[in-house]
Amino acid sequence: MNPVVVLKWLGVAEMATLALMLLNIVTVHEPAISSVLGPVHGLAYTGTVIAGVLAAAGRHRIWVLSLVPGIGGWLAYRRVTRAGGRSRA
C-alpha cells in the first residue's frame, strides 16, 4: 500500500479522534469515551509518524511535520502532495 495514502487516512483519523476527545472533555466528560478514544488516537499518531517517515523519501521536512500532535499527519500529507510526491492520492 502506498504510504502517502496511508498518511492521508491516518492524519484524518488522528485529527478526528483528537476533536472527539476534546469535545468529550468540553461537554459530558464521559470516562468511557476517553478510555476508548485515547488509545485509538495514540495508535493513529504513531501510525502517522511511521507513515510520514516512509512517505518522506529523504525529505526531512515531511517526517518532521508528521511529529506535530493532532494535525501533523495532515500537514505532512499536504506537503508530500504539494511537493510532487510519489503519488497524488
Side-chain angles (χ1 to χ4, degrees):
M1 184 167 234
N2 190 349
V4 177
V5 175
V6 173
L7 181 64
K8 174 184 174 182
W9 290 109
L10 284 175
V12 169
E14 179 187 10
M15 283 192 305
T17 55
L18 179 63
L20 289 173
M21 286 192 307
L22 292 174
L23 184 67
N24 180 42
I25 289 172
V26 171
T27 57
V28 294
H29 195 47
E30 181 65 37
I33 294 173
S34 297
S35 68
V36 171
L37 287 177
V40 172
H41 175 70
L43 287 171
Y45 176 70
T46 304
T48 298
V49 172
I50 292 170
V53 169
L54 293 174
R59 295 170 291 187
H60 291 58
R61 186 173 295 174
I62 292 169
W63 68 264
V64 169
L65 280 173
S66 71
L67 293 173
V68 176
I71 61 168
W74 188 250
L75 292 174
Y77 169 73
R78 286 191 47 186
R79 181 69 181 179
V80 167
T81 56
R82 189 176 53 187
R86 289 185 283 191
S87 169
R88 286 208 176 263

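Heads up: numbering here begins at 1 and tracks the sequence. Because only heavy atoms are used, hydrogens play no part in the values below, and waters and symmetry mates are left out as well, while side chains stay in.
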Trainee: Nearest 0.5 angstrom please: L65 CG to T48 OG1, how far?
Mentor: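 Rounded to the nearest 0.5 Å, the CG-OG1 separation comes out at 12.5 Å.
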Trainee: Check for me, please, whether L18 and V40 land in the same ILVMFWY cluster - side-chain distances under 4.5 Å, paths through other members count.
Mentor: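 Not linked; separate clusters.
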Trainee: V12, M21: one ILVMFWY side-chain cluster at the under-4.5 Å cut-off?
Mentor: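 No, V12 and M21 fall in different hydrophobic clusters.
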Trainee: Can you tell me how far NE2 of H41 sits from CG of L22, rounded to the nearest 0.5 angstrom?
Mentor: 8.5 Å
Trainee: Is Y45 reaching over with its side chain to a backbone N or O of L67, donor-acceptor style, under 3.5 angstrom?
Mentor: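 Yes; judged by distance alone, with no hydrogens or angles, the pair exists.
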Trainee: If you compare all heavy atoms of E14 against all heavy atoms of V68, which two are closest, and at what distance to 0.1 Å?
Mentor: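 In terms of heavy atoms, the two residues are closest at OE2-O, 3.9 Å.
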Trainee: Write down the atom of M15, the atom of G70, and the distance for their closest heavy-atom approach.
Mentor: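 Heavy atoms of M15 and G70 come nearest at CG-O, 3.0 Å.
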Trainee: If you round to the nearest 0.5 Å, how far is OG1 of T27 from CD1 of I33?
Mentor: 7.0 Å
Trainee: Please list, chain by chain and in numerical order, all residues satisfying side-chain hydrogen bond (donor to acceptor under 3.5 Å, both in side chains) with S34, sequence neighbours excluded.
Mentor: N24
Trainee: Which atom pair, heavy atoms only, marks the closest approach of L54 to P3?
Mentor: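 Closest approach of L54 to P3, heavy atoms only: CB-CB, 3.8 Å.
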Trainee: Let me check something: do L7 and L75 share a hydrophobic cluster, defined by ILVMFWY side-chain heavy atoms less than 4.5 Å apart, either directly or through other members?
Mentor: yes
Trainee: Same cluster for V64 and I62 if Ile/Leu/Val/Met/Phe/Trp/Tyr side chains link at under 4.5 Å?
Mentor: no
Trainee: Applying the 4.5 Å side-chain criterion to the ILVMFWY set and letting contacts propagate, would I71 and Y77 be lumped into a single cluster?
Mentor: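 Yes, same cluster.
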Trainee: Looking at V4 and A55, what are the two nearest heavy atoms and their distance?
Mentor: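 For V4 and A55, the tightest heavy-atom pair comes out as CG2-CB, 4.0 Å.
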Trainee: Got a donor-acceptor contact below 3.5 angstrom from the R59 side chain to the A56 backbone?
Mentor: yes
